[in-house]
Amino acid sequence: MKSAVETLNPTRVRLTVEVPFEELKPSLDAAYRKINQQVQVPGFRRGKIPARIIDQRFGRGAVLEEAVNDALPKLYSEAVSEGEINPLGQPDVDIKELKDNELLTFTAEVDIRPEIEIPDYTGIEVTVDAAEVADEDVDSAVERLRQRFATTTVVERAAAEGDVVKIDLEARVDGEVLDDGVASGVSYTIGSGQMLDGLDEAVTGLEAGGTATFTSELKGGSAAGREAEVTVTVETVSSRELPELDDDFAQLASQFDTLDELRDDSRRRLVDERKYQQATEAQEKVLDALLELVEVPIPQKLLADEIETRTHNLEHHQLAQLGMDLDAYLSLQEKTREEFEAELREQAEKGIRTQFVLDEIAKVEKLNVSQEELTEHLMRRAQSSGMSPDQFAKAVVEGGQVPMLVGEVSRGKALAVVVEHVTVTDSNGETVHLDDEDEDAAETAADETEEAQAADETRAADDTATADETRAADAGDADTRA
């Protein structure tokens, strides 16, 4: 077999392959055996039909076509190896010449990874927020905990802000009650703003048994994005009572004996959270700065496939679970289809550029992925997916996605290497030194960045239907993923 590589552009090549006919003999024999098992010829047992009879009855061309189809994957793989190219995606194959008993010639055009020259990134400087925790931050954290331990008592008075009301909802569009627009016994805290616009004003001042009607734009369900006339009926009104902030509360809400100990623990947790956020911000800004330094040609077919995949996942998975289509989502986001497509293209381009650059750094730095690192990454991915580690691992293996996970870990390590060699200062002008835990956060950042880019649209969609009350009001009791 002879093969030649022609560079069409920095991200696409054409392989021209010439195959002597004798190299097709194994596939030709396999073709005769396959046809032998599929056809019947009077006077011959199945599987015992001579090749010349098959040629006479069904045509030599059918046999050659079967043989070529069988041989092409192996021939293409050998040409790729011989040409030392790194293909992306499936090739476009064209049979140029097929001379029986003489020669097979075909071409295969395929996208390839572009050659990337990694610049000196040690001069990168980024500024991140200082990991500071003020007393007010601790107060807010303790107050949120306090809210979780509030008790409610049914009262015989008009509902006011901060009260918890149990309500029934009925949504009408064009005078017709929606099939998924009825909900009963929904608990709602007045002033939380977690349901329909206008609901707070409608229920404020109502007593048990009171009814009000208001107009609001639905955020989910079959009529997402449309104006609806919503009728709300209050079943009960309950006041919320918060526990006193004292040592008794600390013992109730935590393992600590005193409120001071609880506050100290809250401060420590907030500091850890701010440090993680600082490390994440650092890797995001370092990655952006690195990408600005590198020219990365993008294979257009790969880009088109990535955009198509992201659009499909949004429409048929995330939005479908929220009970809305793309048009309703765009209406809620106040975006045109052109704006949406432009943003999606930008996200896809950045994801591809990120992968190429970090893969090249991992190659240059000779970064390897250990079994322990892969297992830790799998555990994190399983947790974020809502699956058990065993279920996630099984799905990954069955789907042939292990190399993808290895690549994610490798890219995370590559980004951590870059972050280690650049200058990071906080908003106070202090140099930020990432400790081991922060570096672990940076190591997972590459794949998290790619996931975040792909999930930008998903999160925005989820934001339209975050609260359980909203989903109940807008889409009945249908299950959705927050």
Side-chain angles (χ1 to χ4, degrees), residues 1-38 60-116 296-306 308-309 352 355-360 362-364 366-369 374 395-411:
M1 186 187 80
K2 298 179 181 179
S3 64
V5 180
E6 177 187 357
T7 300
L8 302 178
N9 60 51
T11 62
R12 194 166 180 83
V13 298
R14 178 189 293 124
L15 290 167
T16 300
V17 185
E18 293 184 358
V19 186
F21 200 82
E22 56 266 22
E23 293 193 24
L24 293 177
K25 189 176 185 309
S27 295
L28 197 64
D29 293 341
Y32 278 115
R33 288 194 298 271
K34 182 176 180 180
I35 295 174
N36 236 308
Q37 297 298 324
Q38 293 176 337
R60 174 73 166 176
V63 179
L64 291 176
E65 181 180 354
E66 181 67 36
V68 170
N69 288 338
D70 177 75
L72 273 178
K74 180 174 180 292
L75 295 172
Y76 167 72
S77 178
E78 291 177 357
V80 165
S81 178
E82 184 177 308
E84 298 182 344
I85 65 173
N86 193 352
L88 298 170
Q90 296 300 313
D92 295 324
V93 178
D94 185 15
I95 305 298
K96 293 298 185 181
E97 186 177 21
L98 177 56
K99 291 183 178 180
D100 196 0
N101 291 312
E102 292 186 29
L103 184 71
L104 164 67
T105 303
F106 70 91
T107 62
E109 289 190 15
V110 66
D111 287 335
I112 61 170
R113 284 178 175 268
E115 294 184 1
I116 300 173
V296 184
I298 297 179
Q300 291 306 301
K301 188 175 185 299
L302 178 65
L303 177 60
D305 290 344
E306 178 69 11
E308 181 180 354
T309 298
I352 293 171
Q355 180 174 329
F356 285 169
V357 170
L358 295 182
D359 282 348
E360 184 64 21
K363 177 182 175 182
V364 171
K366 296 181 174 57
L367 301 177
N368 296 315
V369 177
L374 181 60
V396 166
V397 173
E398 291 179 351
Q401 299 299 307
V402 173
M404 179 193 73
L405 290 188
V406 172
E408 290 175 353
V409 178
S410 176
R411 287 188 285 275

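From a predicted model like this one, the values you see are computed outputs, not experimental measurements. Computation of the quantities below employed the complete heavy-atom set of this structure, encompassing side-chain atoms and omitting hydrogens, waters and symmetry-equivalent molecules.
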List the steps and the verdict of side-chain contact (heavy atoms from CB on, under 4.5 Å) for F21 and D100. CA-CA 7 Å; F21 200 82; D100 196 0; 3.4 Å; yes
Kindly give the heavy-atom pair with the smallest separation between [X] and [Y], and that separation in Å.
| X | Y | result |
| --- | --- | --- |
| L405 | L374 | CB-CD1, 3.9 Å |
| A108 | V93 | CB-CG2, 4.2 Å |
| A67 | S27 | O-CB, 3.4 Å |
| E23 | P26 | O-CD, 3.7 Å |
| P299 | I112 | CG-O, 3.9 Å |
| M404 | R411 | O-NH2, 4.3 Å |

Is a salt bridge present between [X] and [Y], judged by a nitrogen-to-oxygen distance below 4.0 Å?
| X | Y | value |
| --- | --- | --- |
| K2 | E18 | no |
| D111 | K301 | no |
| K34 | D29 | no |

Nearest-0.5 Å distance, [atom1] of residue [X] to [atom2] of residue [Y]:
| X | Y | atom1 | atom2 | result |
| --- | --- | --- | --- | --- |
| E115 | T7 | CD | OG1 | 8.5 Å |
| E78 | E82 | CD | CD | 8.5 Å |
| L24 | E102 | CG | CD | 12.5 Å |
| E109 | D92 | CD | CG | 6.5 Å |
| E65 | R60 | CD | CZ | 13.5 Å |

Results of side-chain hydrogen bond (donor to acceptor under 3.5 Å, both in side chains) for Q90 - residues two or more places apart only: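 Scan of Q90 (side-chain hydrogen bond (donor to acceptor under 3.5 Å, both in side chains), adjacent residues dropped) gives none.
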[X] vs [Y] side-chain heavy atoms within contact, under 4.5 Å:
| X | Y | result |
| --- | --- | --- |
| L15 | Y76 | yes |
| L88 | V110 | no |
| V19 | L103 | no |
| V13 | E6 | no |
| P91 | F106 | no |

In chain order, what residues pass the side-chain contact (heavy atoms from CB on, under 4.5 Å) check against K96, with sequence neighbours excluded?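 side-chain contact (heavy atoms from CB on, under 4.5 Å) list for K96, sorted by chain: D94, T105, T107.
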Sort out for me which residue in L64, L75, V17 forms a side-chain contact (heavy atoms from CB on, under 4.5 Å) with L104.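 Passing option: L75.
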With R113 as reference, evaluate L302, T11, I85, D359 under the side-chain contact (heavy atoms from CB on, under 4.5 Å) test and give the passing residue.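 Option passing the side-chain contact (heavy atoms from CB on, under 4.5 Å) with R113: D359.
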Are the side chain of T309 and the backbone N or O of D305 linked by a donor-acceptor pair below 3.5 Å?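 Yes, the answer is positive, given that a donor and an acceptor are paired below the 3.5 Å cut-off.
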Under 3.5 Å, side chain of E97 to main-chain N/O of I95, donor-acceptor pair present?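 Checking the backbone N and O of I95 against the side chain of E97, no donor-acceptor pair under 3.5 Å is found.
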